[in-house]
There are 4 protein chains.
Amino acid sequence: MRHKDENKNEAIFQATIQLLNEIGFSDISMSKIAKRANVSPSTIYVYFKNKEDMLGKLYTNVKQKMSTQILAGIDDTIPVKIAFERVLRNQIEFIFNHKDEFLFLEQFSNSPLIQNLCLEDPSWMFHPLFELVDRGREQKLLKECDTMLLLVLIHAPVSALVKQHFNGEFELNEKNIKDMIQMSWDAIKA
Amino acid sequence: MRHKDENKNEAIFQATIQLLNEIGFSDISMSKIAKRANVSPSTIYVYFKNKEDMLGKLYTNVKQKMSTQILAGIDDTIPVKIAFERVLRNQIEFIFNHKDEFLFLEQFSNSPLIQNLCLEDPSWMFHPLFELVDRGREQKLLKECDTMLLLVLIHAPVSALVKQHFNGEFELNEKNIKDMIQMSWDAIKA
Amino acid sequence: MRHKDENKNEAIFQATIQLLNEIGFSDISMSKIAKRANVSPSTIYVYFKNKEDMLGKLYTNVKQKMSTQILAGIDDTIPVKIAFERVLRNQIEFIFNHKDEFLFLEQFSNSPLIQNLCLEDPSWMFHPLFELVDRGREQKLLKECDTMLLLVLIHAPVSALVKQHFNGEFELNEKNIKDMIQMSWDAIKA
Amino acid sequence: MRHKDENKNEAIFQATIQLLNEIGFSDISMSKIAKRANVSPSTIYVYFKNKEDMLGKLYTNVKQKMSTQILAGIDDTIPVKIAFERVLRNQIEFIFNHKDEFLFLEQFSNSPLIQNLCLEDPSWMFHPLFELVDRGREQKLLKECDTMLLLVLIHAPVSALVKQHFNGEFELNEKNIKDMIQMSWDAIKA
DNA sequence: TATGAATGAGGCTTCATTCAT
DNA sequence: AATGAATGAAGCCTCATTCAT
């Protein structure tokens, strides 16, 4: 009996991400994905129960990959400000190296599919980030604000700016990155 | 050209927005929109050339509506900081009063449709905002950063937080709004 | 606006009956039916919700047609034995003139579809037959048996014999018809 | 040729019969059969050439089983009336003990598959029955009718009544069985 | 203007079967 | 012998759009 080919799984994921960024949810189809992945449409159903299942697993997979890279080199011994900057740099690096994955995540997160899919809450992936912010606040380095508020002030600007960059409406060069990091820090620092 | 029944046009727009937020681009269809709008599918083609055309016009229409309300009460005589806060409050108010429109805009903006549609650049709508930021920088009130950078630090956090609020992951009450405005200001102020 | 074409409905029904008798439930398909009926596959969905709905409505339609013709000329003034013979003759005539409809009914009745479809009980169609049998029993012309028992002894043999006839395993000529009617009568008569 | 594991063959047969009675020819599939039989789809192809082949062999197998049991205890020394009653009782007993097999046979016999499959004529299985009827007629116990006519009057009613019983439209209790046997006898007796 | 009827194209998924172990 | 992987063909149904009134 043949073995399941891990490459096929990945090929399907990559094809989906690419197509989703090229033509979007409205025009994607299982057969287009299959064609791009160089498999038969029915092969997708060997690996996934259906379209929803595939998209859900793809989302979780990519989210996982991103969180791992964003949190690289972060533990509770790293000084808060260093960790803060490292997280931002990690995020930028991940996004620049994985443009398609990032844009897929953004598209998916802003579509109702994500709720209708009833995926398990993936916030545990970012747990170290919550801890980092809590630690910073305890050390009086950060403002006495809701944790989520602080986190969003860190992450939202960079996401938005990278999208502008990809759209060509803005150039996220090193100077702008430095400025942005400074601004985020000014926003959250006590 | 103007059509007889402006209500039908609006009904189609509203039905589209609702359905898009309920089921997303992947599952929407002209028939479903027609059913929700209480018109015949063919009626949509009286008002619009085709699906793309309809979505494009809807996007422009909503974007216009939002920009108008966000910029309400802003002109170049208003002190920068007052204007800054007013813009943020306007934005929050618009979003809370037009949840569907806002979520539609977010979904649309993050889908590749927006590029494939070749809509004319709508940034002129926010021109007064650019002026406001430029004025603030000239008056040494704001940092010496790229205009876009400053703008994003104003808008991205509030958008992200409102979405968290709608998702139930965070409560955007008055205290948090105040904190957020303070943080945005700290981010951009000189 | 166009009008619904009653011919199309009937064409779909006839195509389905024919194909079902030619290739059976296992090989029939909506597109084959459409082709045979000279309509587009999607047109079928203008007239019926789905395949199940169509088959169910077809079954009811044919069953209705058959019961009407079988009961032609039967009322409670007709002497029981005359009515009995007339019913049998009617049934034979209907089946010979509507071979396809009859075979369709037999095929459908013996498939689990008929239960899974949850059609409303069509026994009311044969209500006059129940009355006839009851009358015959009251007049001591028929045996003191369960009504259903008497009815089955009337109908089952003729159905079985006609199928044999169509299969070529038996010739249902006038002599055999007469013999059969005599046997059925001997079976039920007091 | 004989296969190693006779159990698998039987498991496939049983799974097919069950599924055919649950969902019918239109919805059955080799995968579903395999799943129900707890084998792999490909295993079916070890035992049978293809789907048609499997169904044909199943039909013959079940038909054989039924005819054997119906004819149990019948030979040309048994008095005709005794044999007649024994056959009917055998038939009822078989059907009650093998509801699924019986219903499968009915479904199969009424579908065009049985002709399209070009199975060899299985009437030899019931040869003793033909002989019984011929003997009865020679002894002037039965009517001077076509053999098939007499046979059908014996078998058709019981089949029809059992189906009614399974459908819950009629209760085939001992009294009704006796009545039915009497009626069948009255039908065929000289 | 407004509409239900009509449709070819294409959606998702399952099919019967074969492959490779 | 036995099986899970793999697939082209085909299943049902819905799509965006046009037709005809």
Side-chain angles (χ1 to χ4, degrees), chain A residues 1-6 8-9 26-34 38-54, chain B residues 2-5 7-9 26-35 37-55, chain C residues 1-6 8-9 26-34 38-54, chain D residues 1-9 26-35 38-54:
Chain A
M1 145 190 93
R2 256 184 265 182
H3 283 37
K4 239 182 206 172
D5 186 346
E6 192 59 37
K8 286 217 169 74
N9 201 323
S26 56
D27 289 315
I28 209 172
S29 80
M30 293 303 259
S31 46
K32 284 178 189 161
I33 292 170
N38 276 319
V39 296
S40 161
S42 31
T43 301
I44 302 182
Y45 293 86
V46 173
Y47 291 81
F48 305 98
K49 199 156 54 92
N50 53 34
K51 196 183 183 185
E52 265 200 356
D53 180 47
M54 191 265 277
Chain B
R2 278 286 90 115
H3 291 288
K4 264 286 165 58
D5 192 344
N7 289 348
K8 284 219 168 66
N9 200 325
S26 57
D27 290 314
I28 210 173
S29 80
M30 296 300 258
S31 320
K32 286 176 187 165
I33 293 169
K35 197 159 286 173
N38 278 319
V39 298
S40 161
S42 8
T43 303
I44 303 181
Y45 291 86
V46 173
Y47 289 82
F48 306 98
K49 197 154 57 91
N50 54 32
K51 196 182 183 184
E52 266 198 356
D53 179 47
M54 192 264 277
L55 288 174
Chain C
M1 152 190 87
R2 255 185 266 181
H3 282 37
K4 240 180 208 172
D5 186 347
E6 193 59 36
K8 287 218 169 74
N9 201 322
S26 57
D27 288 314
I28 209 173
S29 81
M30 294 303 260
S31 47
K32 283 177 190 162
I33 293 170
N38 277 319
V39 298
S40 161
S42 30
T43 301
I44 303 182
Y45 293 87
V46 173
Y47 291 82
F48 306 98
K49 200 154 57 89
N50 53 34
K51 197 184 183 182
E52 265 199 356
D53 180 46
M54 192 264 277
Chain D
M1 93 188 156
R2 278 284 93 109
H3 290 289
K4 263 288 165 57
D5 192 345
E6 195 64 33
N7 289 346
K8 284 221 166 67
N9 201 323
S26 57
D27 289 315
I28 211 173
S29 80
M30 295 301 257
S31 320
K32 285 176 187 165
I33 293 169
K35 198 160 285 172
N38 276 320
V39 298
S40 161
S42 8
T43 301
I44 303 182
Y45 291 86
V46 172
Y47 290 82
F48 305 99
K49 197 154 57 89
N50 55 32
K51 197 183 182 183
E52 266 198 355
D53 179 47
M54 192 264 277

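Sequence lines set the chain letters: A, B, ... in the order given, protein chains first and strands last, and positions in each chain run from 1. These figures come from a predicted structure and were not determined experimentally. Atom set for the values below is all heavy atoms of this structure, side chains included, hydrogens, waters and symmetry mates excluded.
Residue B:Ile44 is the one, among B:Ile44 and C:Arg2, whose nearest nucleotide of DNA chain E lies closer to the 5' end (criterion: closest heavy atom). Annotation: of the two residues near DNA chain F, D:Asn38 and C:Tyr45, the 5′-most nearest-nucleotide partner is D:Asn38. Where D:Thr43 and B:Met30 each meet DNA chain F at their nearest nucleotide, the meeting point lying more 5' is that of D:Thr43.
Distance check: A:Asp5 CG to A:Thr43 OG1 gives 10.5 Å after rounding to the nearest 0.5 Å. Atom NZ in B:Lys51 sits 6.5 Å away from atom CD1 in B:Ile33 (nearest 0.5 Å). Rounding to the nearest 0.5 angstrom, the gap separating the OH atom in A:Tyr45 from the CG atom in A:Asp53 is 10.5 Å.
Applying the 3.5 Å distance criterion, the base of F:dG8 shares a donor-acceptor pair with the side chain of A:Ser40. Evaluation of atom-type donor-acceptor distances gives a pair under 3.5 Å for the side chain of C:Ser42 against the base of E:dG8.
Across every strand in view, F:dT21 sits in a pair with E:dA2 that passes the Watson-Crick or G-U test at under 3.5 angstrom.
You'll find that the side chain of A:Val39 is closest to F:dT7, out of F:dA6, E:dC12, F:dT7.
The distance between atom NE2 of A:His3 and atom P of F:dA2, rounded to the nearest whole Å, is 20 Å. In this structure, CG of C:Asp27 is placed 12 Å from P of F:dA10, rounded to the nearest angstrom.
Listed here is the closest heavy atom pair of D:Asn50 and D:Met30: C-CE, 4.3 Å.
An OP1 or OP2 oxygen of E:dA6 is reached within less than 4.0 angstrom by a side-chain nitrogen or oxygen of C:Lys8.
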